[in-house]
There are 2 protein chains.
Amino acid sequence: MKNISTENYLSEIYKLEQSKIKVKTNIIAKKLDISNAAVTDMLKKLSSNGLILYERYKNIQLTKKGKDYAAVIVRRHRIWEIFLNQIVGLPWDKVHDEAHRLEHSSSDELIDRIEEMLNYPEFDPHGDPIPAKDGSIPKLKESTNLSKVKIGEWGKVIRVNDYDNEFLNYLSRIGLKLGKKITVKDKLNFDNSLLIKIGDKQINISGKLASNIFIDLN
Amino acid sequence: MKNISTENYLSEIYKLEQSKIKVKTNIIAKKLDISNAAVTDMLKKLSSNGLILYERYKNIQLTKKGKDYAAVIVRRHRIWEIFLNQIVGLPWDKVHDEAHRLEHSSSDELIDRIEEMLNYPEFDPHGDPIPAKDGSIPKLKESTNLSKVKIGEWGKVIRVNDYDNEFLNYLSRIGLKLGKKITVKDKLNFDNSLLIKIGDKQINISGKLASNIFIDLN
DNA sequence: ATTAAAATTTAAGTATCCTTAAATTTATAT
DNA sequence: ATATAAATTTAAGGATACTTAAATTTTAAT
Ligand SMILES: [Mn+2]
Ligand SMILES: [Mn+2]
Ligand SMILES: [Mn+2]
Ligand SMILES: [Mn+2]
């Protein structure tokens, strides 16, 4: 276990790399809510510790060592999320913040024990994959951003972004959860909103909301 | 939630006060494994934050505010210990270190939820009382240090000190756990060791070992 | 190709929590 | 009562991880 700050940088960079986003000082600063200057400082440290490849003004990349370590942190985070959701009974809009702290305070033994207890889950409560002990990642089903789904098409909710608790809570309130079938009934170019059917309810959601929901089409 | 360091100082001071030990720079330094100088530094900060009463060279005392806060931390620690032991299945020699980290990383909501799940336990896996939300402490049964129990007397194990994992692990291995009946068969003045009966086994334990075990006599 | 905007880094400084070494105060032994 | 030992505090300094402001480099626009 290194320090919390290092762990947070690494898992943020890891998640960016996973989603094919070029890793830059700027994005890290926004994600971690700190100044660009602080990020530059830390990048030098991470680099000199062999955790990232870094050249001034260039993109950032995890080394093998950095990626392995980051996977451990993301693994801890997502296993905690499942545990908090399934065993402790916290709703999906409460698990992220809690897991974000706990991820830095738990031994590998504890995480392994919890994982076993949960029968080796592959995905967290928001549909994100849980890295295995060896760093390998369960293959994600292909998914389509709900905002890109065409009128008349339908599919099942397979993943949602977990950054915003209010968003997640709202999804719960409209009955949207992983596995739910969603049909796009109409789309309004005027405000990019969508009319969708969930269960037997029809509901209008904004384009921004839709863009944080991912669908397994057909 | 304040910072981890503050929380560790407060809970250490709290535990010393609970066991009627005069709180001094020295003891805190030993318990937290840091220099006396660092403790003096921090005592000034705690004092200026209204968490302790402190005058140079004098004994230290928690204020109401400090005691309330400390009780929250000790509560978190012990609820985690029970949870890890009962729900996760960790042995009693593994729960303390884990809980010592988790105690600084969990919201009150999570702790309350876990407490409810455990049906409001009063004592942790080592027999220490769990402070309630209002800071009140379950009354301890009177107990006698095993090293003070006389030949022929018997009673049930009601509490053990939880500082040393090797000690706790050894107790497990000789079948000693909370609630077990122990009879003192013999005492050797030569080395202060005791011959005790646990279940149907007789075993010789050192005085030092005995002095970390507490018995509910009769 | 120039220029303006955006991103990034450097510089200087702060807060926290440690360290060791030296000075001071308190406690203990005779 | 005095000397010695033990405990405590002060002093000076280090590592980490931030901050804002200024300087530099890259990118994007015309
Ligand atoms: Mn999360
Ligand atoms: Mn984190
Ligand atoms: Mn404990
Ligand atoms: Mn602690």
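Quick note on labels: first sequence line is chain A, next is B, and so on, each numbered from 1.
Residue contacts for B:K58: at a heavy-atom cut-off of 4.0 Å it reaches no nucleic acid atom on any strand shown. A:K45 comes within 4.0 angstrom of a base, heavy atoms only.
For A:Y9 and A:K24, each mapped to the nucleotide of DNA chain D holding its nearest heavy atom, the one lying further toward the 5' end belongs to A:Y9.
To the nearest angstrom, C1' of D:dA7 lies 13 Å from CG of B:L43. To the nearest angstrom, P of C:dT24 lies 21 Å from CD of B:E55. Whole-Å rounding puts the B:N26 CG to D:dA6 C1' distance at 8 Å. Atoms CG (A:N49) and P (D:dT16) sit 9 Å apart, rounded to a whole Å. Put simply, CD on A:E7 is 15 Å from P on D:dT16, counting in whole angstrom units. Rounded to an integer number of Å, the gap from A:R56 CZ to C:dT8 P is 13 Å. Look at CG on B:L10: it is 15 Å from C1' on C:dC17, rounded to the nearest Å. When rounded to the nearest whole Å, the span between CG of B:N3 and C1' of D:dT16 equals 14 Å.
With D:dA17, D:dT8, D:dT25 as the choices, the nucleotide that has an atom nearest any side-chain atom of B:T25 turns out to be D:dT8.
Note: B:F83 and B:W80 have perpendicular aromatic rings, judged against thresholds of 30 and 60 degrees for the angle between ring planes. Relative orientation of the B:H126 and B:W92 rings is parallel, given thresholds of 30° and 60° on the angle between their planes.
Side-chain contact of A:D124 with A:H77: a donor-acceptor pair under 3.5 Å is absent, judged by distance alone.
Atom NZ of A:K187 sits in a crowded spot, with more than 12 heavy atoms from other residues, nucleotides or ligands closer than 6.0 Å.
Between A:E12 and the choices A:K30, A:K31, A:E7, the side chain to side chain contact (heavy atoms under 4.5 Å, CB included) rule is met once, by A:K31. Test A:I13, A:L62, A:N59, A:L43 against A:V23 for side chain to side chain contact (heavy atoms under 4.5 Å, CB included) and you get one pass: A:I13.
A close approach under 4.0 Å does occur between a side-chain nitrogen or oxygen of B:Y54 and OP1 or OP2 of D:dT9.
Listed in residue order, the members of residues 28-41 of chain A having a heavy atom less than 4.0 Å from DNA chain D are A:I34, A:S35, A:A37, A:A38, A:D41.
With respect to the salt-bridge test (charged N to carboxylate O, under 4.0 angstrom), the residues A:R113 and A:E116 qualify.
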